[in-house]
Each structure stands twice: as structure tokens, then as C-alpha cells.
Amino acid sequence: MAVLSIRGLTKRYGRIVAIDNLNLTIEKGTVYGLLGPNGSGKTTTLGIILGILTQNSGEFEWFDGRYGVDHRLKIGAILETPNFYPYMNADENLEIIRHIKKDPNKNFDELLSLVNLLDRRKSKFSSYSLGMKQRLAIAATLIGEPEVLIFDEPTNGLDPQGIAEVRSILKKVADTGKTVIMASHLLDEVEKICSHVAIIKNGHLLASGPIGSIINSDITVELASNNLQELKSFLATLSFVKRLHVIDKWIEIGIDESLDHSIINKLAFEQGINLTHIVARKKKLETEFLEITSKIKM
Amino acid sequence: MNELILLEWKKFKSNTVFRVLAAMYLLLAPFIILMGRDIVDKMQLPMLTSAEIYEFPKVWDYQGYIGNWLVPFCLGFLTIYIITSEVGNKTMRQNILTGMTKKSFFISKLLSILIMALGATFIYAVSTIAIGIINTDGIDLELVMDNNFAIIKFFLLCLGYMTFALLVAFTIRRGTLAIFFYFFYFILEAIFQGVHVYYYTHVSRNYWPINSIEDLHPFPLLRLPDFFTDKEWNFSILLPDSHAVLMSLFYISLFVAISYRSFMKRDI
């Protein structure tokens with residue numbers, strides 16, 4: 001069953017087209033990532049489907065129209081930054097959300113415990129760190145038993161510890177079986193949390209579907225030795241190397257993410273090749289985009 | 001409707017600006033008229049005297065005139081604050097994301113204005129009756145209620161200044177700029193009136209928005225025959241009560257309608 005259907009959505013800001021004829025259907029129970037670089041139209045898309053921006057054309061429908069104009073009461077959402085009353089504490093701010101959601105449950109203990117804010121519940125929101133603000137925002141999205149949760153760049157601006165905490169909470173939330181829509185420019189984040197992905201660039205939907213069918217999970221390994229030609233010939237003999245490119249002073253290969261890349265060093269050494277450089281990394285989002293774009297053209 | 005009023009109360013009951021402005025109004029509105037009593041007592045007719053100011057039925061006019069200053073300064077400011085602070089903190093956006101409709105958000109602000117106007121009118125009525133009773137000899141109910149149309153005019157005066165603030169807040173949205181423009185408009189309108197009279201000396205100069213609202217409770221001495229009236233003009237400087245009421249009703253409706261349209265049409 002579709003919780004959200006978007007048909008031909010277009011939004012312009014003057015001559016700039018922020019979203020161009022976007023079509024997307026999100027099924028119940030999926031954890032859907034909207035992936036794209038900054039300025040690609042992710043937040044604009046979320047803004048429209050959440051009723052704070054107006055599209056120039058196209059339409060969308062939540063829950064097959066089941067809840068009418070009250071559909072947002074069934075959605076928990078954070079857009080861009082956590083927005084609360086700075087002079088209120090966590091309890092008072094959550095009470096505002098509860099009031100709007102018309103939720104009878106006035107006890108926030110469980111929610112504040114989930115986001116590790118129980119001991120700071122009486123502190124003013126303005127005294128919170130960005131990580132705490134973001135965690136409070138996540139707690140707020142869970143008020144009123146929403147059917148869908150929407151997070152827009154939930155780890156933006158956080159330090160590594162904050163990122164780890166927020167991701168861990170999001171993972172817990174995603175595991176509850178709720179439908180989650182998450183916008184991010186971080187491929188790694190989407191891969192770790194989402195089951196489905198839609199890739200957006202310059203307002204265009206490039207691809208959408210289950211994450212495995214869209215995003216290549218290979219690891220890229222950069223290798224160099226004193227004799228690149230010899231190294232290239234050796235790498236070509238390895239069955240687990242999926243792709244191979246000579247780039248300037250090193251060679252870039254793709255291997256499966258489950259493979260320990262140190263095996264390459266060992267095998268090369270056995271062949272009398274001394275590696276002078278070996279670095280494994282995830283592909284950059286831009287690289288991924290280029291590949292997806294080229295796939296689509298094919 | 002009760003839910004929206006309760007929500008607004010929860011939002012602002014612990015807010016310092018709200019508390020300070022509300023307290024300022026609560027303290028000043030009933031008593032400011034008494035502050036210059038020593039000076040007033042020494043004045044001679046036709047200037048102000050305590051008899052003129054504090055006794056029924058004139059006390060209704062003088063206390064009402066105080067509203068012309070206090071309502072825009074305290075309640076107009078507060079109206080702008082309760083709207084623009086929600087824009088600045090992005091809580092307006094979050095309220096909509098959470099589930100409010102834009103219409104219900106607008107109505108919640110309108111209801112806040114209505115409640116504040118009713119509260120201010122209640123303070124006006126109670127304080128005026130108290131001051132009048134203390135200072136009037138040979139008091140009777142008929143004398144107290146003489147000029148009781150003043151209460152309705154005061155309510156409209158509050159609504160007028162506050163719906164103008166609503167319009168400014170919803171169209172400008174940025175707190176500092178909105179507050180600056182709100183007060184600057186009072187000067188601007190005086191300039192417009194001057195230009196109006198310069199090119200077209202006609203009674204229509206009295207029908208500008210703020211002037212119409214102000215004339216609900218003008219400075220009472222201006223009501224003296226020909227007092228302050230320019231001899232070159234063949235019309236009064238003040239609107240008749242009925243015209244002030246009708247024009248205020250018209251402007252209040254216009255301010256609300258434009259605010260609503262502007263808010264509903266624009267992105268948040």
C-alpha cells in the first residue's frame with residue numbers, strides 16, 4: 001500500500017527549477033532515502049509534501065487520501081533544523097507537539113529515554129548542544145504514534161559522536177517497522193539506514209528503487225607500486241577485481257565490500273610486487289551519480 | 001477554538017517578552033491616568049482639571065485616550081512579537097509540519113488578538129468605573145453608564161491597532177523590521193495626511209486607517225468646539241463617532257483579510 005504518491009511535482013523559484021516533474025511512490029514499511037547533493041531539491045520536495053511550500057504544478061497524496069487535511073497528524077517530521085521554542089524546556093516543547101498532535105499520552109519519559117535526554121528534560125532548549133537539539137527533534141517526531149517519519153539531513157552539523165548517536169536512534173526507529181523517509185547527501189548514511197533510495201540531482205529524479213539495485217556497494221581501492229604496468233597485469237589476473245582503471249600515478253579497482261582489501265597486499269607481495277600505496281574507500285557520491293547517470297543513458 | 005487558545009497560552013505563558021509587556025500593560029493601563037494628578041489639579045479651565053478628567057462621564061474619554069498610546073505600544077508590539085518570533089524561531093513552520101493547518105495557525109493568532117483585546121477592554125471598563133466612582137460626587141448608575149458606548153469603541157480601538165500589527169507581522173515577517181515599520185507607519189500616515197490636505201483640503205483626510213482608529217478615543221479636548229480646528233478648513237479635525245466606528249470596522253476587516261490572504265498564499 002502506498003503511503004505517498006507524488007505525480008509530476010514541479011517547483012520553480014523564479015527562473016530556477018528546484019524540482020522538475022518528480023514522480024515517486026513510497027510504499028508502507030519502507031525506509032526510503034532521498035539522496036542527492038546539497039541544492040538537489042530534497043528539502044524542497046519534503047517542504048511541498050509537508051505543506052509548507054506550494055508547488056507550481058503536479059500533485060501528491062498521503063495515505064491514499066485516508067486522513068484528508070489531517071494527514072500531517074499521522075506524520076512526524078523534522079525539516080532542516082530542529083525548531084523549538086528556545087525559552088521552553090524539553091517537556092514544555094514536547095507538550096506543544098503533543099497538543100497539536102492531539103495525543104492523549106502526556107508522559108514523555110520513554111521518548112526522552114530513547115534519545116538520552118531524561119536528565120536534561122528541565123533545561124531550556126536554548127542551552128542544548130546541536131546534537132541534543134537534534135535528538136529532541138527525533139523524540140518529537142515520535143509523538144502521537146505517527147505512521148510515517150520524515151528526517152531531513154538528520155546528522156548535518158553534528159560532531160562524530162553526535163552522528164553516531166543520531167544514527168543509532170534512527171536505526172532503532174527504522175527497525176520498528178514504521179515508514180521512514182530520510183533526505184541526506186551522505187551515501188554512507190543512506191546505505192546504513194535505508195531499504196530504498198531515490199536519487200535526485202538538480203531537481204530531477206535519476207533513479208529509485210531498493211537500495212541494492214541502485215547503489216553499488218563495492219569498495220574502491222587505490223593501489224600503486226614502482227611499476228604500474230606490472231601491477232596492472234597482476235591485478236587483471238585477480239578474479240575478485242570487478243573494475244580496473246589507471247588513474248595518473250595509481251590504479252583504482254573495485255572489490256566487494258565483504259572482502260578484506262589487505263589480501264591484495266599479501267598476494268602482490270607473493271608475486272614480488274611491493275605496493276607503495278594502498279587506500280580503500282567508499283565511492284564518492286559524485287562518482288556514484290555519474291555511474292547511475294551513465295547507466296540510465298544506456 | 002478552545003484548543004487553539006490553550007495552545008497559544010502554552011506557547012507564551014513562560015515567555016519573558018510576553019510577560020513583561022503584559023505586566024506593563026496591566027500596571028500602566030489602569031493607573032497611568034492618575035500619575036500626573038498633582039499637575040492636573042493645578043490647571044484651570046478650559047485646561048485639564050481633575051473634575052474634567054476623573055469624573056463620570058468624561059473619565060471614559062480620557063481613560064480611552066490613554067489606550068491610543070498604550071495599546072499600540074504594548075499590545076501592538078506583543079501582536080507582532082507573537083507572530084514574528086514564531087517565524088524567527090521557525091516554530092511556525094514546525095507547527096505546520098506537526099499537523100496544524102495554515103488556517104488554524106492564522107486563527108490561533110487571531111484568537112490571541114481577540115483575547116488580548118477583550119482583556120484590555122475589561123481592564124479599561126473596570127479601571128474607568130473605579131476611578132470614576134472614587135472621584136465623582138453624587139454618583140448614580142445612569143451617570144456611570146452615560147457614555148457607555150465608550151467600551152465598545154475601546155474594544156474596536158484595541159482590535160484596530162492589533163489587526164494592523166497582525167497585517168504588518170504576517171506580511172513583513174521579520175521581527176525588527178516589522179516593529180520598525182509598525183511604528184514608522186504612524187509617522188508616515190501623518191505625513192500622508194499632510195500631503196493629502198496640501199493638495200486636497202477635504203474631510204477625507206480624516207479617513208486614513210490609523211486616524212480612523214485613533215478617533216475612536218481622540219484627545220478629548222479636541223472635541224471642544226473649533227478647538228485646534230484650522231480656520232481655513234470647513235470641517236472638523238475629528239471623525240464623528242459613528243464614522244470612526246464604521247471606518248474602524250472596515251479597516252479591521254481589511255487588515256484581517258489581507259493578512260489571511262498573504263499568509264495563505266506564501267510559502268512558510
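Order of the sequence lines sets the chain letters (A, B, ...), proteins ahead of strands, with each chain counted from 1. We use all heavy atoms of the structure for the numbers below, so side chains are in, but hydrogens, waters and symmetry mates are not.
Counted within 6.0 Å of CZ on B:Phe73, heavy atoms from surrounding residues, nucleotides or ligands total 12 or fewer; the atom is thus considered open. The environment of CZ in A:Arg66 is crowded: more than 12 heavy-atom neighbours from other residues, nucleotides or ligands sit within 6.0 Å. No more than 12 heavy atoms of other residues, nucleotides or ligands shown are found within 6.0 angstrom of CZ on B:Arg261. Environment of CZ in A:Arg12: sparse, with no more than 12 heavy atoms of neighbouring residues, nucleotides or ligands closer than 6.0 Å. For A:Glu27, the CD atom counts as densely surrounded, since its 6.0 Å shell holds more than 12 non-hydrogen atoms of other residues, nucleotides or ligands. A:Glu80 CD: more than 12 foreign heavy atoms inside a 6.0 Å radius.
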**Prompt:** Passes side-chain contact (heavy atoms from CB on, under 4.5 Å), A:Lys101 versus B:Thr98? Steps please.
**Reply:** CA-CA 7 Å; A:Lys101 290 277 187 202; B:Thr98 304; 3.8 Å; yes
- I would like to know whether A:Tyr87 and B:Phe12 meet side-chain contact (heavy atoms from CB on, under 4.5 Å); could you show each step before the answer? CA-CA 9 Å; A:Tyr87 48 88; B:Phe12 291 102; 3.6 Å; yes
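If you take CD1 on B:Ile268 and CG on A:Leu79, they are separated by 11.0 Å, rounding to the nearest 0.5 Å. Residue A:Ile97 holds its CD1 atom at 5.0 Å from CD of B:Gln94, rounded to the nearest 0.5 Å. Note that the CD atom of B:Glu8 and the NE2 atom of A:His99 stand 9.5 Å from one another [nearest 0.5 Å].
Of all the listed residues (A:Leu73, A:Ile143, A:Ile100), the one sharing the greatest number of non-hydrogen pairs under 4.5 Å with chain B is A:Ile100. Of the listed residues (B:Asn95, B:Leu7, B:Thr101, B:Leu4), the greatest number of heavy-atom pairs within a distance under 4.5 Å of chain A belongs to B:Leu7. The residue among B:Lys265, B:Lys102, B:Glu86, B:Met92 with the most heavy atom pairs within less than 4.5 Å of chain A is B:Glu86. No other option in A:Leu50, A:Ile96, A:Ile75, A:Asp70 has as many heavy-atom pairs under 4.5 Å with chain B as A:Ile96.
Distance alone, capped at 3.5 Å, places no donor-acceptor pair between the B:Lys90 side chain and the A:Thr81 backbone. For A:Arg72 (side chain) and B:Met100 (main-chain N/O), a donor-acceptor pair under 3.5 Å exists by modelled atom type.
Here the closest non-hydrogen pair linking B:Asp267 and A:Tyr13 is OD2-CE2, 4.5 Å. In terms of heavy-atom proximity, A:Ala77 sits nearest to B:Leu97 at O-CD1, 4.4 Å.
Heavy-atom distances place no part of A:Lys124 under 4.5 Å from chain B, backbone and side chain included. Looking at A:Tyr85, the atoms closer than 4.5 Å to chain B (heavy atoms on both sides) sit in the backbone and in the side chain alike.
Comment: B:Glu3 does not engage A:Lys102 in a salt bridge, judged by the lack of any side-chain N to carboxylate O separation of less than 4.0 angstrom. A salt bridge links B:Lys10 with A:Glu95: the distance from a Lys NZ or Arg NE/NH1/NH2 to an Asp or Glu carboxylate oxygen falls below 4.0 Å.
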